[in-house]
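Notes to accompany the following structure.
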Amino acid sequence: MNNSQQDEQEDLQKYLEEKAKQEQKKKEEQEPEPLSAYDACVLKESAKIHELIAEAQKHPKNE
């Protein structure tokens, strides 16, 4: 193999490695990590608060 062919092969190898990294990153973004117990609790409490706010807005305070 001459230098030109070696360079092309190295470039192709680098390209394929970069493409594999991009595919792996894309796959990781599509599969979110499981929530920690803390995060799950925060989301649950946040949902409760939003429900209470929505309910309160339906019934304006009577004065």
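Positions are given from 1 along the sequence.
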Using side-chain contact (heavy atoms from CB on, under 4.5 Å) as the criterion, list what pairs up with [X], not counting sequence neighbours.
X	result
Ser4	Asn2, Glu8
Lys25	Glu29
Ile53	Ile49, Gln57

In chain order, what residues pass the side chain to side chain donor-acceptor pair (under 3.5 Å) check against [X], with sequence neighbours excluded?
X	result
Glu51	none
Asp39	Ser36
Gln22	none
Glu23	none

Original post:
With sequence neighbours left out, what residues match Lys19 under salt bridge (Lys or Arg N to Asp or Glu O under 4.0 Å)?
Top reply: none
Subject >> Sequence neighbours excluded, every pair satisfying salt bridge (charged side-chain N to carboxylate O under 4.0 Å, His left out) that has a member inside residues 9-18 >> reply: none
**OP:** Share the residues that join Leu16 in a hydrophobic cluster, the rule being Ile, Leu, Val, Met, Phe, Trp or Tyr side chains under 4.5 Å apart at the heavy-atom level.
**Re:** Leu12, Tyr15
